[in-house]
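As structure tokens, the structure follows; a few thoughts come after it.
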Amino acid sequence: MWISILFFISCVFVLLENGLLIFIILIKSSLHEPMYLFLCMLAGVDIAFATTTEPKALAIFWCNNREISVDSCIAQLYFKHSSFISESGILLIMAFDRYIAICYPLKYTMILTHSLRGKIGVAAFLRTHCTIFPMTFLLKRLTFCRNNILPHTFCEHIGLAKYTCDDIQVNIWYGFFVLMSTVILDIVLIFVSYVLILHAVFHILSKDAHHKALNTCGSHVCVIILFYEPWVFSVLTQRFGHHIPLHVHILLANVSMLAPPEC
């Protein structure tokens, strides 16, 4: 019960903090700049990311509602995976924004026009749903005939597929493709962006400008670390932590769902 109370409080904080952030950015015209609009998008995805899984988790804790249909499970994992990939994409867009702002400050408004920002947003949306949508068909074609007890409080692609009697090699390889073409690619491009940013920053002669440029990127770097660190830790724990009790895996997985949106 005490774990469910902590989850509930964290979920409430996610809704209030990110909702307030969106409200402030939308009502203040002085914040209608690319970086703040991207931050508004990030807060919106954070809300979707947390509310996709936590209501069902709380229903398990509080109402002992431990059943979920296959279609509901597929819908949950669709929104969960798409929210995660969307957030990763927005972090990449923010890294690109900081790269333009620091490396080409005089051409910032010329490069990041309203038209380009709109195209980037549409491209991120299409990438997310075009990569996740085939998962629904890959799961719907399977016949579920094995143990139907899911170990986690939420559904995931391979975690659901492994309970079938069919060959899931296509699911495994497609899941690997999605991971490499979205999250891993985003991490690599974000790293490259910040290498170029640091290269430009350390060639700035003015110490004040040097300090200002680093402060501009500091908050974004913190957000990136807070977003990817729980996910990487959870993945590594599942892959190599076979000696770790199952309830610890479940707890870490739930924390990875709430910690980045709340922070």
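This chain uses plain numbering: 1 for the first residue, then up along the sequence.
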Does the side-chain contact (heavy atoms from CB on, under 4.5 Å) test come out yes or no for F154 and T52, once each step is laid out?
CA-CA 9 Å; F154 54 83; T52 297; over 6 Å; no
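- In the hydrophobic clustering of ILVMFWY residues, with side-chain heavy atoms under 4.5 Å counting as a link, I100 and F191 come out apart.
- Contact check for F8 versus F61: no side-chain heavy atoms found under the 4.5 Å cut-off.
- Atoms CD1 and CZ, on I93 and R117 in that order, are 11.5 Å from each other to the nearest 0.5 Å.
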Test side-chain contact (heavy atoms from CB on, under 4.5 Å) applied to D186 and L91, step by step
CA-CA 8 Å; D186 291 347; L91 290 176; over 6 Å; no
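- Two residues are said to be in side-chain contact when any heavy atoms from C-beta on lie closer than 4.5 Å; L189 and F96 fail this criterion.
- Each of T136, N171, D166 was evaluated against R141; a single residue qualifies, N171, per the side-chain hydrogen bond (donor to acceptor under 3.5 Å, both in side chains) test.
- Within 6.0 Å of the OH atom in Y36, the count of heavy atoms belonging to other residues, nucleotides or ligands does not exceed 12.
- Note that CG of D46 is 11.0 Å distant from OG of S86, once rounded to the nearest 0.5 Å.
- What you find for S83 and V45 is that their closest heavy atoms are O-CG1, 3.2 Å.
- The hydrophobic clustering, which links ILVMFWY residues whose side-chain heavy atoms are closer than 4.5 Å, places F176 and L185 together.
- Side-chain contact between Y228 and I190: present, with at least one pair of heavy atoms (C-beta onward) separated by less than 4.5 Å.
- The shortest distance between side-chain heavy atoms of L126 and V122 falls below 4.5 Å.
- Ring planes of F84 and F49: tilted class, angle from 30 to 60°.
- When every heavy atom of L150 is checked against every heavy atom of C73, the shortest pair comes out as CD1-SG, 3.9 Å.
- The CG atom of L139 lies 4.5 Å from the NE2 atom of H157; values are rounded to the nearest 0.5 Å.
- Linking Ile, Leu, Val, Met, Phe, Trp and Tyr residues whenever their side-chain heavy atoms come within less than 4.5 Å leaves V195 and I197 in two separate clusters.
- At least one donor-acceptor pair under 3.5 Å links the side chain of S82 to the backbone N or O of F79.
- Across all their heavy atoms, R127 and I85 have their closest contact at NH2-O, 3.5 Å.
- Here the CG atom belonging to L15 is positioned 10.5 Å from the CD atom belonging to E54, to the nearest 0.5 angstrom.
- Side-chain atoms of L138 and V170, non-hydrogen and from C-beta on, do get closer than 4.5 Å to each other.
- Y78 places none of its side-chain heavy atoms less than 4.5 Å from the side chain of M135.
- Hydrophobic clustering, with ILVMFWY side chains joined whenever heavy atoms are under 4.5 angstrom apart, keeps I9 apart from I60.
- Residues L77 and I68 do not share a hydrophobic cluster, defined by chaining ILVMFWY side chains whose heavy atoms lie under 4.5 Å apart.
- In this structure, NZ on K80 lies 13.5 Å from OG1 on T51, to the nearest 0.5 angstrom.
- Using the six-membered ring where Trp is involved, H129 and F125 have ring planes that are tilted, between 30° and 60° apart.
- The distance from the CD1 atom of I25 to the OG atom of S30 is 10.5 Å, given to the nearest 0.5 Å.
- Heavy-atom minimum distance, I102 versus P105: O-CD, 3.5 Å.
- Within the 3.5 Å criterion, the main-chain N or O of I168 finds no donor-acceptor partner in the side chain of K162.
- Partner of T182 under the side chain to side chain contact (heavy atoms under 4.5 Å, CB included) criterion, chosen from T131, I187, I132, T128: T131.
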As a quick check of understanding, evaluate side-chain contact (heavy atoms from CB on, under 4.5 Å) for M94 and I224, giving each step before the final call.
CA-CA 10 Å; M94 294 171 73; I224 292 171; over 6 Å; no
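- Across L58 and S4, no two heavy atoms sit closer than the pair CD2-O, 3.5 Å.
- The two residues C130 and Y174 make their nearest non-hydrogen contact at O-OH, 3.9 Å.
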